[in-house]
Number of protein chains: 2
Amino acid sequence: MKTRTSREADLSAQIAGAIRDAIVDGTLIVDERLPSEAELAEQFDVSRPTVREALKRLAAQSLIRTARGAFGGAFVRRLSYEEAYGQHITTATLLLGMNDVSFETACEARYALERACAPIATARRDPDHLATMRAEIHRQAQPGLSDESFCDSDVTFHRALVDAAGNPVLSYQLAGAVEAMQPLMNMITFTARSREEIVGLHTRITDALEARDAGAAETALHALEAYTLTLGRGVMAARASNGAD
Amino acid sequence: MKTRTSREADLSAQIAGAIRDAIVDGTLIVDERLPSEAELAEQFDVSRPTVREALKRLAAQSLIRTARGAFGGAFVRRLSYEEAYGQHITTATLLLGMNDVSFETACEARYALERACAPIATARRDPDHLATMRAEIHRQAQPGLSDESFCDSDVTFHRALVDAAGNPVLSYQLAGAVEAMQPLMNMITFTARSREEIVGLHTRITDALEARDAGAAETALHALEAYTLTLGRGVMAARASNGAD
DNA sequence: TTACATTTAAATGTCTGACATTTTGGGCGC
DNA sequence: GCGCCCAAAATGTCAGACATTTAAATGTAA
């Protein structure tokens, strides 16, 4: 009989899975060089293109990097925070965009997570974080700012707040939630009045951090969540009535 | 944010990036069929293997699925929560394993996130979640349980706590933090005394949820974090002195 | 001996062409 | 009308070749 493998998956997926498992469980160490494509092909008894497809799958997950030339090849890659951020954000954005996640649910999750790091941030914040936050607040108060730039600044502000906790694992988790909200936030048209309100709340948050007052920070974040929710619901309602016309 | 497609990258990476952008920004709808490999090859002016490598990259990120046969081809895939969990956990585990994240940092992040959903969980918990948590507590109190099973039960308990918040976005974010801690937690040998302590804290948490007492839940989680940290530090100290021999 | 230019080998990146496998749909015979 | 078989279309896989890149090895001149 033919080699009907127990797994239904493709050969390339099997090979990718085998190598990934070796990386995850530590058999392959960071910066270790994998065998060449020709050697892998012989080892798994498949052709080189199949091995290549498997390696591309791993490269797509940032598990390996490849270098050309002599002494090149595929190497186990140290997953950096930046790459992990990127993947996390892509996944989270798609998850929100494809699964009809309500604005309320996304908003609740985001601010719950931000409140989680607020107490830590109040304890650890340093002048740099405060300076970044104040700078973004200043930018948000500029009259001529486009909605998109306002949202960008908002993201930068919140990431500074998260980074102030000084915990990269926390930053990693939070980055996905904050950035994935971007497409939803971009739907909102910020009036001068709502910007003023948001700038005020951002100032309260920053002041609380500066004063190392965790309770005040949490309260301000609650207020910001409530206000964001109000704005979002307004947009949803307007959109619904437009769609019904 | 600029487009991720850089001209420096490989051809297959460029093509994968172009298609990914089309999916992320909504140009390609869920379940829409992509052109066949031959058509894509002509469209991008590359050969079929190159297109295939690009498609494998996307398949590795669960962005597309492929079907063979007459009406087969590549289709945009609806990213499910389960797949997103899986990717998130893989990435988070690698991030912790490869970057010398300290037990303290991981522990702090995890419990901060859990405390974030505690208030929501106290408001929304239903009898099913409480039953799951009680069942796991009962299991954890069994004398003959292996350390590994104890850890598994611990994960199940905490995921029930997170799921009790009834917010899938929050569950998605938390799953990564809780599961990624597993390898670190597995290093700990739980004595009968420490298990008793943990079971007691788990009971306090469950009682707080049942009583809808957010403050008590938060306090208990703080205590559990402190105790977990103590255990972890003990293991680290023992390991360090062994390594110095 | 040292510094620099050149060669060379090893590996990935890409292409061409072919064949195998799987699935659908329609034609053909009964 | 029903069922069987075959063709078409698409992906999965393979084989071989050539192009490109990179760093080490080698040769040469000051």
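FYI, side chains are in, hydrogens and waters are out, and symmetry mates aren't considered; it's all heavy atoms of this structure.
When rounded to the nearest whole Å, the span between CD of B:Glu37 and P of C:dT16 equals 15 Å. Counting to the nearest Å, the P atom of C:dT14 and the CG atom of B:Asp45 are 13 Å from each other. Between B:Asp10 atom CG and D:dA19 atom C1' there is a gap of 14 Å when expressed in whole angstrom units. A:Lys56 places its NZ atom 10 Å from the C1' atom of C:dT14, with the value rounded to the nearest Å. At whole-Å resolution of the value, CD in B:Glu42 and P in C:dC15 are 14 Å apart.
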Tabulated below should be each protein N or O lying under 3.5 Å from an N or O of nucleotides 6-10 of chain C; please produce it.
{"unit_1": "C:dA10", "atom_1": "N3", "unit_2": "A:Ala70", "atom_2": "N", "d": "3.3"}

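Each of A:Val101, A:Leu95, A:Leu96 was compared with B:Tyr172 under the side chain to side chain contact (heavy atoms under 4.5 Å, CB included) criterion, and only A:Leu95 meets it.
Between the side chain of A:Arg48 and the base of C:dG13, a donor-acceptor pair under 3.5 Å is found.
B:Arg33 places a side-chain N or O within donor-acceptor distance of the main-chain N or O of B:Gly72, the cut-off being under 3.5 Å. B:Asp154 places no side-chain N or O within donor-acceptor distance of the main-chain N or O of B:Phe150, the cut-off being under 3.5 Å.
Residues A:Glu53 and A:Lys56 are not paired through a salt bridge, judged by the lack of any N-O separation under 4.0 Å between the basic side chain and the carboxylate. Taking the charged nitrogens against the carboxylate oxygens, A:Glu108 and B:Arg124 do have a contact shorter than 4.0 Å, which makes a salt bridge.
Taking the ring centre of A:Phe157 as origin, the terminal cationic atom of A:Arg139 falls outside the region bounded by 6.0 Å and 45° from the ring axis.
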